[in-house]
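Everything on this sheet refers to the single structure shown next.
If you're wondering where the values come from, they're calculated on a predicted model, not measured in any experiment. Here is how names work: the chains are called A, B, and so on, in the same order as the sequence lines, proteins then strands, and each is numbered from 1. Side-chain atoms are counted along with the backbone in the values below, which use heavy atoms only and exclude waters and symmetry mates.
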Amino acid sequence: MKKLFREFFKGVIKENPTFVLALGLCPTLAVSTSVVNAVGMGAAATFVLMGSNAMVAMIKNNIPAKIRIPCFIVVIATFVTIVEMVLKAYTPGLNRALGIYVPLIAVNCIVLGRAEAYASKNTLMNSLFDGLGMGAGFTLALTLISSIREYFGSGKIFGYALSHKFEPVSIFGMPSGALLVIGILLILFNRLKGRKS
Amino acid sequence: MKNKLTVNISPHLHNNESVSKIMWIVGISLIPAGAAGVIIFGLNALTVMILGILSALVTEWLMQLLAKRRITILDGSAFLTGLLLAYNLPPGVPLWLPAAGSFFAIAIGKQVFGGLGQNIFNPALVGRVFLMASWPKYMTTFTKPLNFDAVTSATPLAVLRESGVIENISYLDLFLGRRGGCIGEVCILALVAGALFLFWKGYISWHIPVTYTAVFAAFVYAFGGDGLFRGDWFFHILTGGLILGAFFMATDYVTSPLTRKGQVIFGAGCGILTAVIRLWGGYPEGVSYAILMMNAATPIIDRFTRNRIYGTMIPVNRK
Amino acid sequence: MVKLREHKKETENKAIEKLAAPAKVYIPLSQHIGKPCEPLVKAGDYVHLGQKIAAAQANVYSPIHSSVSGKVAGIQDWPHPVLGRCRAIVIENDGLDKLPGSQACRPSEEINSLGPDKVRDAVLEAGIVGMGGASFPSHIKLNPPKPVDTLIVNGAECEPYLTGDYRLMVERTEEILKGIELIAKCLGVKNVIIGIEDNKPEAIEIFSRKSQVTGPMAMVCFPTGKAASYKIKVLKSQYPQGGEKQLILNVLGKEVPSGKLPFEIGVVVHNVSTVFAIYEAVYCGKPLYERVVTVAGSCVSNPGNFLARIGTPFKDLIDPRGLKEEPAKIIVGGPMMGIAQFDDKTPVIKSTTGILLYSKKEALLNEELACIRCGACVRECPAFLMPTLISLASKKGLWPQAKVYGASDCIECGICSYVCPSNIRLVQHIKRAKLEVAR
């Protein structure tokens with residue numbers, strides 16, 4: 001159990017996909033304009049990560065090494081399709097907001113990266129928790145970035161306008177603003193990590 | 001021997017130039033343009049400048065404190081960044097705008113890269129572009145000049161972009177700054193005076209500013225009119241921030257190439273990019289974007305314009 | 001290339017003054033590029049003035065002679081102006097300047113009939129090295145592995161403060177011309193060019209006059225009437241005009257290939273002081289045991305040019321001059337390439353062109369700041385390098401990068417540090433890179 005927790009927390013802090021591995025930056029730039037989008041994207045990615053990690057861990061011994069990447073992609077695409085259908089059915093608004101980035105989870109480097117680097121070498125439970133941890137880390141990072149961007153970019157938080165008067169800094173609503181925020185957070189993150197080690 | 005002797009490696013002479021001396025002299029050369037701005041737009045322009053400078057100094061101090069670097073706010077570089085940023089703002093902006101711009105310019109444009117000498121982009125222009133992207137409303141609202149018969153409150157370039165025709169404004173008015181525009185860019189006379197002072201002091205050379213202006217003028221002349229070689233290049237030189245940019249921003253040591261050859265390429269690139277943005281781009285003005293883009297190209301220009309080392313690839317006869 | 005403040009006014013009109021030999025001389029065993037010498041004498045021996053006291057078994061070396069007559073007190077470790085410390089022969093001066101037998105001057109008929117080999121031997125025996133500072137044994141430069149066609153005599157003396165070469169040119173013009181003739185004959189060259197900076201009009205004038213011409217760049221005859229094409233080239237006063245490679249470029253418009261010596265392009269360069277020493281060695285049989293040293297700097301009340309014995313401790317040179325204030329820095333050589341000393345007991349050696357005494361204010365070191373990429377070093381570098389990039393690579397330990405930027409082509413003239421507004425010790429960083437690249 002302890003080991004599983006370690007697998008989980010590894011993805012949140014030590015190997016945070018956004019701040020440490022710097023994977024999956026395209027969706028990060030695109031959907032982190034508002035917290036709602038970010039959490040939706042994070043949840044979808046977490047589901048796909050867990051599903052694909054578990055599936056890959058189960059079938060890893062039956063996949064020929066030479067065609068493992070296409071196999072992973074097929075597995076991932078399956079879960080992405082499930083997510084997309086669920087989103088379309090139950091949260092059409094969020095689906096519209098995320099747009100093309102939902103199907104694009106299929107090519108998100110985090111998902112394929114974990115399948116290749118972790119799930120294909122580890123047991124089912126470990127992989128499941130690795131996927132959960134990575135997903136949680138991704139969601140956390142997205143939430144952090146998007147709350148900053150939403151607050152500065154539009155003067156709102158979780159879609160609610162703030163009461164005090166505030167001139168929104170529109171650059172935070174643009175992808176360049178996302179890069180800035182990620183950059184600054186990376187500085188802080190590395191600073192904190194550097195202090196620890 | 002009573003004294004202990006100082007022992008260090010040669011040379012034991014120095015020409016007594018220093019970074020802060022260069023920075024402050026560039027600052028002095030900018031005084032006429034600022035004075036003209038205040039005369040043309042009123043005391044509000046002065047407030048904008050002061051706030052820009054103050055914010056730049058405070059940010060520099062804070063960032064150096066945070067990064068545990070040596071505090072060098074008196075070396076004049078932060079002062080210059082704040083001043084140049086203020087020169088690139090319309091005179092009527094809300095007063096928090098120059099402060100925010102200077103903060104961004106110093107914090108993100110300069111200190112994040114490691115401080116003076118390490119920044120890739122001209123900090124003042126980084127600040128300006130940040131303001132343009134963040135609060136375009138304020139950055140494109142120009143007030144009327146105070147003491148002259150103002151023809152319009154929009155800049156001549158904005159009028160050109162909106163209506164497609166050059167408004168009826170005399171070259172003399174443009175030269176003296178009787179037009180809408182940013183604080184430091186309107187009075188060409190004052191800018192040229194400051195630039196001449198810098199040339200005389202030897203702190204800038206002709207390579208960047210002259211190539212910049214000449215290539216820009218040639219390009220506008222060729223493609224800027226209705227038909228080839230019918231563009232009003234003189235109007236384009238006198239309007240917008242071209243002179244300010246070419247002589248004071250593009251010549252920034254840190255962000256321009258090291259060699260003369262590289263500087264000519266840099267200037268030419270700035271000229272073409274500015275002309276392209278002005279003639280066909282989405283903005284009426286392109287100086288800051290052009291310079292920033294060439295800043296980004298500086299490392300690669302440096303790489304391909306390295307000096308030929310003495311005694312290598314020898315030409316037959318150099319004389 | 002940069003025009004420096006020259007500081008030459010204080011000494012340039014002071015005639016060379018012969019200095020009394022000190023009570024004790026300390027003669028280092030290594031005063032040249034090449035193998036250090038081994039002593040030929042031991043403690044207690046009596047040596048004559050000009051007696052050979054140290055030599056080595058090697059091709060590249062130069063023997064060392066006693067600069068006084070007296071008893072050898074011992075051989076001991078002693079401060080050395082270039083190497084820091086070095087073994088030195090200590091001789092107690094008996095004040096008699098006794099010569100070994102008769103130091104007879106060769107009659108001029110004999111000089112004219114001397115073959116190149118004889119001249120070379122005389123130069124080797126006299127222990128003559130490049131006296132402009134490099135201290136490369138001169139007899140080797142008289143015997144280049146390839147035939148050469150041009151001899152350049154270096155009278156540029158571009159370092160500030162130093163005026164020793166200038167005084168020699170003015171006071172000993174004929175001797176120098178005779179020395180030039182000797183060398184030209186020895187090398188078999190057709191072109192002889194004397195390069196003099198335009199801040200020495202008197203030297204230019206006197207050379208032109210003595211060789212029966214007026215104005216620079218004229219074809220003249222040797223004093224003996226032998227025809228040879230021989231010019232005076234007036235050079236702009238700028239530093240480092242006297243650097244061998246820069247001199248060749250500015251006189252001939254040719255560059256010495258990177259990593260090669262000047263003879264590769266058929267050129268040999270000799271300093272005027274060396275030329276004078278060669279004259280003395282061949283005509284008078286006098287070994288190199290004394291040389292002209294400029295003593296100057298803001299601390300000296302009575303600066304000047306002095307003919308000092310090799311091995312004279314600086315203290316004996318400085319003290320009689322009178323000090324305005326206690327020096328905070330002692331520099332041997334010029335201010336641009338000279339070496340700061342940690343001791344005033346260090347002796348004069350064959351390559352000591354000058355001794356500069358700096359006050360506390362001048363010795364002050366400014367703090368090194370970040371490079372602002374102003375490009376001054378890139379513009380002024382006489383080797384056309386990009387010093388700031390090499391220094392940056394050096395600071396980060398990127399030796400391959402430093403090599404690509406041409407660290408090994410640096411001549412260490414110091415211009416880059418001189419012009420740097422950030423006070424970066426570029427020369428220091430580049431020297432470091434040079435060592436690492438050579439490794």
### Structural part of L365(C) lying under 4.5 Å from a heavy atom of chain B
side chain

### Query
Can you find a heavy atom in the side chain of T259(B) that is under 4.5 Å from one in the side chain of M386(C)?
yes

### Query
More than 12 heavy atoms of other residues, nucleotides or ligands under 6.0 Å from CZ of F121(B): is that the case?
yes

## Note on the structure
Heavy-atom closest pair (G414(C) atom, P11(B) atom, distance to 0.1 Å) is O-CG, 3.3 Å

### Message
Other residues, nucleotides and ligands only: do more than 12 of their heavy atoms fall within 6.0 Å of NZ on K260(C)?
### Response
no

### Query
Relative to chain C, which segment of T298(B) carries a heavy atom at a distance below 4.5 Å: side chain, backbone, both, or neither?
side chain

### Message
Heavy-atom cut-off 4.5 Å, strictly under: side chain, backbone, both or neither for Q341(C) against chain B?
### Response
backbone

### Task
State whether the side chain of H12(B) and the backbone N or O of G338(C) hold a donor-acceptor pair below 3.5 Å, judged by distance alone.
yes

### Message
Once you measure the plane-to-plane angle for Y310(B) and F384(C), does it fall in the parallel (<30°), tilted (30-60°) or perpendicular (>60°) bin?
### Response
tilted

### Query
Which residue out of E367(C), E362(C), K431(C), R425(C) racks up the most heavy-atom pairs below 4.5 Å with chain B?
E367(C)

### Query
Who among S417(C), P160(C), C374(C), C413(C) has the most heavy-atom pairs with chain B under 4.5 Å?
C374(C)

#### Entry: Enclosure of K403(C) NZ (heavy-atom neighbours >12, cutoff 6.0 Å)
no

### Task
Tell me, for I331(C) versus chain B, whether the close heavy atoms (under 4.5 Å) come from the side chain, the backbone, both or neither.
side chain

## Note on the structure
dist N423(C):CG -> E17(B):CD (nearest 0.5 Å) comes out at 11.0 Å

### Task
Identify the heavy atoms of V19(B) and L369(C) that sit nearest to each other, and give their distance.
CG2-CD1, 4.3 Å

#### Entry: Interface moiety of L116(B) toward chain C, non-hydrogen atoms closer than 4.5 Å
both

### Query
Hey, what do you get for OH (Y161(C)) to CG (L13(B)), rounding to the nearest 0.5 Å?
6.0 Å

### Query
By a 4.5 Å heavy-atom criterion (distance strictly below it), what part of C371(C) contacts chain B: side chain, backbone, both, or neither?
backbone

#### Entry: Whether over 12 other heavy atoms sit under 6.0 Å from I300(B) CD1
no

### Task
Check whether any side-chain heavy atom of Q428(C) lies under 4.5 Å from a side-chain heavy atom of N8(B), and answer yes or no.
no

### Task
Answer yes or no: does atom CH2 of W24(B) have more than 12 heavy-atom neighbours from other residues, nucleotides or ligands under 6.0 Å?
yes

### Query
Around K236(C), counting heavy atoms of other residues, nucleotides and ligands shown, do more than 12 lie under 6.0 Å from its NZ?
no

#### Entry: Heavy-atom pairs under 4.5 Å with chain B, option from G375(C), A363(C), A383(C) with the top count
A383(C)

### Query
Do Y358(C) side-chain atoms and T6(B) backbone N/O form a donor-acceptor pair below 3.5 Å?
no

### Message
Around atom NZ of K361(C), are there more than 12 heavy atoms from other residues, nucleotides or ligands closer than 6.0 Å?
### Response
no

### Query
Judged by atom type as modelled, is there a donor-acceptor pair below 3.5 Å linking the side chain of H14(B) to the main-chain atoms of P421(C)?
no

### Query
Of all heavy-atom pairs between N15(B) and V419(C), which one has the smallest distance, and what is that distance?
ND2-CA, 3.4 Å

### Query
Taking all atoms of both residues into account, what is the closest heavy-atom pair of S256(B) and R373(C), and its distance?
O-NH2, 2.8 Å

### Query
Which value, rounded to the nearest 0.5 Å, describes the distance between L5(B) atom CG and E326(C) atom CD?
8.5 Å

### Task
With the side chain counted from C-beta on, respond yes when V404(C) and R306(B) share a heavy-atom pair under 4.5 Å apart, and no when they do not.
yes

### Query
With side chains defined as the heavy atoms from C-beta onward, is the minimum distance between L258(B) and L389(C) less than 4.5 Å?
yes

### Query
What heavy-atom pair brings I309(B) and E255(C) nearest, and what distance separates the two atoms?
O-OE1, 4.5 Å

